[in-house]
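Have a look at the structure below before the remarks.
Quick note: numbers below take in every heavy atom, side chains included, and nothing from hydrogens, waters or symmetry partners. Remember, it's 1-based here, ligands and their atoms both numbered in the order they're listed.
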Amino acid sequence: MSDTVLKDLYQVVRARKSSPQEGSYTCYLFDKGLDKILKKVGEECSETIIAAKNGVAEDTVGEVSDLIYHLMVMLCAQDIPLDDVLAELERRSEKIGNLKQMRVTDKET
Ligand SMILES: N=c1c2ncn([C@@H]3O[C@H](COP(=O)(O)OP(=O)(O)OP(=O)(O)O)[C@@H](O)[C@H]3O)c2ncn1[C@@H]1O[C@H](COP(=O)(O)O)[C@@H](O)[C@H]1O
């Protein structure tokens with residue numbers, strides 16, 4: 001899988017917002033508005049939990065993918081750049097990585 005798939009998905013979703021297309025599910029969601037988008041995020045979240053609880057990996061992968069797509073729609077609906085989320089994850093990764101490194105160093109001394 002390309003590591004740009006998330007960025008590509010976000011770009012497609014953003015393009016749907018600025019230039020609506022016939023038959024586009026994304027445009028249908030933008031037309032319905034934020035409450036509908038948030039309802040879908042909630043539904044997909046619940047379906048993800050149920051799939052994970054059932055323990056069928058293939059179903060969980062499908063539900064997580066639905067959830068991520070709807071999160072991308074939610075971010076676009078609120079004009080929040082995906083890069084802000086990626087930067088936050090990167091910041092946490094560095095911060096938590098540094099903390100773990102400090103703990104290892106503490107144990108060694
Ligand atoms: N990743 C997705 C994606 N994941 C899920 N879905 C749609 O999300 C919907 C979720 O299904 P549900 O049964 O929960 O909902 P529904 O009953 O169809 O509709 P609701 O009335 O409940 O909203 C399905 O119609 C799926 O097709 C997606 N639709 C689009 N994308 C991506 O968005 C791009 C643009 O899609 P369009 O906007 O449709 O051109 C596509 O190329 C994909 O990359």
All pairs passing salt bridge (charged side-chain N to carboxylate O under 4.0 Å, His left out) where residues 17-38 contributes a residue, at least two apart: K17-D79

State, yes or no, whether a side-chain contact exists between H70 and I37 at a heavy-atom distance under 4.5 Å. no

Could you work out, with salt bridge (Lys or Arg N to Asp or Glu O under 4.0 Å) as the rule, every residue matching K39, not counting sequence neighbours? E43

Flag if over 12 foreign heavy atoms under 6.0 Å of CD, E88: yes

Do other residues, nucleotides or ligands put more than 12 heavy atoms under 6.0 Å from Q11 CD? yes

What ring pair (Phe, Tyr, Trp, His ring centres under 6.0 Å) pairs are there with at least one residue in residues 27-48, not counting sequence neighbours? Y25-Y28

With a 4.0 angstrom cut-off on heavy atoms, strictly below it, pick out the residues next to ligand 1 and order them by chain and number. L9, V12, R16, S24, Y25, T26, Y28, K36, K40, E44, D66, Y69, H70

